[in-house]
Amino acid sequence: MAKGASNIKLYFLILLAVTGIFVAGLGGGIWDQQTFWALQWQHQALSYVCHQLPDRSFWLNNQPMAVCSRCLGIYGGFLSGWLLLPLIDYFKNRPQPAKRAAIGAVLVNLADIIGNLVGFWENTLLSRFMLGSLAGLSVALLFVGTFFNRNIKSERDHHGRVTATGI
Amino acid sequence: MEESQQQGFDNPQPDFSDQPNEPSYWKSVATAGVIFGIVAFVLSLVSSYAVINSEPTGSLLNPTQFIGTFACLAGSFGGMLAVWHYAREYDLFIQLGRGALIGFLTGVGITVVNVILGEAWQFIDPDMTQKVIESTIASIEAMELPEAQKQQIIDATAEGLQSQNSMFSQLLWSIPINGILNLITGMIGAKIFGQQEG
């Protein structure tokens, strides 16, 4: 019971932290900050994890976001997946590991970066965002069944077995 | 007995929190922190010198900064490595919260190692930051922009790079960001390496 409660706390801690990073990643444009964008705290904070090239970032209110489109996708996808975890756990009886999907999504992103770098194809803001979202989402879904697992011990037909309904 | 069984069923993950003499994770944290801190520092150094030695591109941000970004991204996986090392070294079940803690501490370690090495490098090449600023300014001057706007960007960029390279600023922003990212990869590590799938 105590461990379940601490897992829930961890869930909300991550939710808060990732929401913070995602909102910061939107840059100063969303708040219409007047400071030159390169000097905004959002750019300073995230300069250690993203190249922040303006032509590879979405723009909001004439200001580039503080992370590139792929990073925005990663954080956005992860946040969406994280928010969906309680719902997925509610409707899903048996958690299924999404390890292969996550590894696949990360590899697709790596292939996209390399393919673009060597000139096999040219990716766009949107394609980078979509692939980043896929990676973020699939990583978040690794935690299906971790925080909100409803499985309980059956006391009736399947006595002693773990079921979703207890029947 | 019945109560403990019920608790086990309510909570599908095995609870080994009462394992006696659980080994310390500091060795794994220190190992991953030092390795990734050094890797991040070396890559950021390569990135800085690539900027210094590059021709003015006429672009506000130099493409060689990609290398620096890889350094930071690589640093995000320190948490996973630390958890992997911990799980492998002691062959035990790792709770999600412990994985998160190991990841966070590794992120802090990476930042501290990176900042210390950066400060030490100031003794070897005290002009490096100034050279990066000058190279970036030269690149901005090659841009086709109105003079007033160009000057504004130059001032802002110089100020931004100066503050970005201060020890306080690096610690202020890197510890929480690196800490959070490594906390997440630490949790992923606990999920992948530290738990048996049922």
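Keep in mind it's a predicted model, so treat the numbers as computed, not measured. These numbers come from the heavy atoms of this one structure, side chains and all, not from hydrogens, waters or symmetry mates. Below, chain A is the first sequence line, B the second, and so on; all start at residue 1.
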B/Ile188 portion near chain A, given a 4.5 angstrom heavy-atom threshold: both
Linked, directly or transitively: A/Leu131 and A/Val139 (ILVMFWY side chains, under 4.5 Å): no
Rounded at 0.5 Å granularity, tell me how far CD1 in B/Ile180 sits from CG in A/Leu13. 8.0 Å
Do you know which two heavy atoms are closest between B/Met187 and A/Ile14, and how far apart they sit? SD-CD1, 3.6 Å
Between B/Leu183 and chain A, with a heavy-atom cut-off of 4.5 Å, which part of the residue counts as in contact: side chain, backbone, both or neither? side chain
Shortest non-hydrogen separation from B/Lys191 to A/Leu142 and the atoms involved: CE-O, 3.0 Å
Can you tell me if A/Asn62 has over 12 outside heavy atoms packed within less than 6.0 Å of its CG? no
Is B/Phe104 reachable from A/Phe12 through a run of hydrophobic residues whose side-chain heavy atoms are each under 4.5 Å from the next? yes
When hydrophobic residues are tied together by side-chain contacts of less than 4.5 Å, even through go-betweens, does A/Phe22 share a cluster with A/Leu16? no
So which heavy atom on A/Ala45 is nearest to which on B/Ile177, and how close? O-CG1, 3.6 Å
Distance check, rounded to the nearest 0.5 Å: B/Leu96 atom CG versus A/Tyr11 atom OH? 13.0 Å
Heavy atoms from other residues, nucleotides or ligands near CH2 of A/Trp59 exceed 12 (cutoff 6.0 Å): yes
Should we say atom CG of B/Asn53 is surrounded by more than 12 heavy atoms from elsewhere, each under 6.0 Å from it? yes
When rounded to the nearest 0.5 angstrom, what distance separates CD1 in A/Ile103 from CD1 in B/Ile192? 6.0 Å
